[in-house]
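Notes follow once the structure below has been shown.
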Amino acid sequence: QVQLVESGGGLVQPGGSLRLSCAASGSFHSINAMGWYRQAPGKERELVVSITSGGGTEYSDSVKGRFTISNDNAKNTVYLQMNSLKPEDTAVYFCNAKVRLRIFSLAENDFWGQGTQVTVSS
């Protein structure tokens, strides 16, 4: 199984920056992809950005040009650099990992972190 631990959330002024990190640990064969989702009050959880183990990325249109995801496969860690933050970026940000648990199976399982609050306010 997999545990995901996020860090780096906090309060920042509009136009400011934050860097989130998510480290995966546990017993698994490999991680196929990791990413960040966010959920604001009263809204659906939405994909912010994801990255595959090979480096392919997918960004939400709302964050393109402002957020950058990167991964450190050796550390099973993903980072989210958030620049030019806007009040509408305020949400709980959740780390996600798509994991191959066992070498005997190609099945992919989703795991989630506990979430970290990002608040953008003056």
Side-chain angles (χ1 to χ4, degrees):
Q1 298 296 304
V2 179
Q3 297 80 46
L4 303 176
V5 179
E6 302 112 328
S7 63
L11 174 65
V12 66
Q13 294 182 347
S17 298
L18 285 173
R19 185 174 186 251
L20 307 183
S21 64
C22 174
S25 62
S27 179
F28 54 88
H29 176 262
S30 60
I31 298 175
N32 295 331
M34 297 183 73
W36 293 94
Y37 292 70
R38 66 186 182 187
Q39 188 166 22
K43 296 184 178 180
E44 295 287 314
R45 186 174 298 186
E46 64 173 350
L47 174 68
V48 178
V49 61
S50 64
I51 185 168
T52 68
S53 60
T57 58
E58 179 180 338
Y59 289 88
S60 166
D61 288 341
S62 64
V63 306
K64 286 181 180 177
R66 300 188 298 120
F67 292 8
T68 303
I69 193 170
S70 60
N71 62 340
D72 185 338
N73 290 333
K75 297 181 179 179
N76 290 321
T77 300
V78 67
Y79 306 92
L80 182 63
Q81 180 66 47
M82 304 187 294
N83 299 325
S84 301
L85 283 162
K86 304 174 180 179
E88 51 263 45
D89 295 318
T90 296
V92 178
Y93 284 69
F94 295 91
C95 181
N96 170 262
K98 300 185 184 302
V99 180
R100 178 180 174 179
L101 291 177
R102 299 288 181 265
I103 193 170
F104 295 145
S105 177
L106 291 173
E108 186 176 83
N109 296 82
D110 274 332
F111 293 89
W112 295 88
Q114 78 286 349
T116 184
Q117 177 71 48
V118 172
T119 302
V120 184
S121 176
S122 60

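Reckoned from all heavy atoms, side chains included, excluding hydrogens, waters and symmetry mates.
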Can you check side-chain contact (heavy atoms from CB on, under 4.5 Å) on Leu101 and Gln1, steps first, answer last? CA-CA 7 Å; Leu101 291 177; Gln1 298 296 304; 3.9 Å; yes
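- Tracing side-chain contacts under 4.5 Å through hydrophobic residues (I, L, V, M, F, W, Y), one reaches Val99 starting from Val49; they form part of the same cluster.
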After noting the C-alpha distance and the side-chain angles of Thr116 and Val92, does the key distance pass the side-chain contact (heavy atoms from CB on, under 4.5 Å) rule? CA-CA 5 Å; Thr116 184; Val92 178; over 6 Å; no
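- For residues 39-122, every residue pair satisfying the disulfide (SG to SG under 2.5 Å) rule, not counting sequence neighbours, is listed here: Cys22-Cys95.
- Pairing each heavy atom of Ser53 with each of Ile31, the nearest pair is CB-O, 3.6 Å.
- The number of heavy-atom neighbours closer than 6.0 Å to CD of Glu44, taken from other residues, nucleotides and ligands shown, is 12 or below.
- Asp110 meets the side-chain contact (heavy atoms from CB on, under 4.5 Å) test with Asn96, Lys98, Trp112; sequence neighbours excluded.
- Between the side chain of Ser105 and the backbone N or O of Arg102 there is no donor-acceptor pair closer than 3.5 Å.
- Linking Ile, Leu, Val, Met, Phe, Trp and Tyr whenever their side-chain heavy atoms come within less than 4.5 Å puts Leu20 and Val12 in one cluster.
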side-chain contact (heavy atoms from CB on, under 4.5 Å) assessment of Val48 paired with Phe67: CA-CA 9 Å; Val48 178; Phe67 292 8; 3.7 Å; yes
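- Across every non-hydrogen atom of Tyr59 and Ile69, the tightest pair is OH-N, 3.0 Å.
- When hydrophobic clusters are built by joining Ile, Leu, Val, Met, Phe, Trp and Tyr residues whose side-chain heavy atoms come closer than 4.5 Å, directly or via intermediates, Trp36 is not grouped with Phe94.
- Shown here is Glu58, whose CD atom has no more than 12 heavy atoms of other residues, nucleotides or ligands within 6.0 Å.
- Within the 3.5 Å criterion, the main-chain N or O of Ala74 finds a donor-acceptor partner in the side chain of Asp72.
- In the hydrophobic clustering of ILVMFWY residues, with side-chain heavy atoms under 4.5 Å counting as a link, Val120 and Tyr93 come out together.
- Under the side-chain contact (heavy atoms from CB on, under 4.5 Å) rule, Met34 has a single partner from Asn71, Asn76, Asn73, Leu4, which is Leu4.
- Counting only N and O atoms by type, the side chains of Thr119 and Ser121 include no donor and acceptor under 3.5 Å apart.
- In plain terms, the two heavy atoms of Thr77 and Lys75 that are nearest each other are OG1-O, 2.9 Å.
- Residues Glu108 and Asn32 approach most closely at OE2-ND2, 2.9 Å, considering heavy atoms.
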Show your reasoning for whether side-chain contact (heavy atoms from CB on, under 4.5 Å) applies to Val63 and Lys86. CA-CA 10 Å; Val63 306; Lys86 304 174 180 179; over 6 Å; no
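- Pairs engaging residues 5-22 under the side chain to side chain donor-acceptor pair (under 3.5 Å) rule: Glu6-Gln114, Ser7-Ser21, Ser17-Asn83 [sequence neighbours left out].
- Smallest separation of non-hydrogen atoms from Gln3 and Gly26: OE1-CA, 3.7 Å.
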Could you go through Lys64 and Asp61, starting from their C-alpha distance and side-chain angles, then the distance that decides it, and tell me whether this counts as salt bridge (charged side-chain N to carboxylate O under 4.0 Å, His left out)? CA-CA 5 Å; Lys64 286 181 180 177; Asp61 288 341; 3.1 Å; yes
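- Thr68 OG1 to Met82 CE: the interatomic distance, rounded to the nearest 0.5 Å, is 11.0 Å.
- With Arg66 contributing its side chain and Ser84 its backbone, the two residues share a donor-acceptor pair below 3.5 Å.
- Residue Ala24 comes nearest to Val2 through the heavy atom pair CB-CG1, 4.3 Å, listed as atom of the first residue, atom of the second, then distance.
- Placement of Phe111 and Tyr37 in two distinct hydrophobic clusters is found when ILVMFWY residues are connected by side-chain heavy-atom separations under 4.5 Å, directly or transitively.
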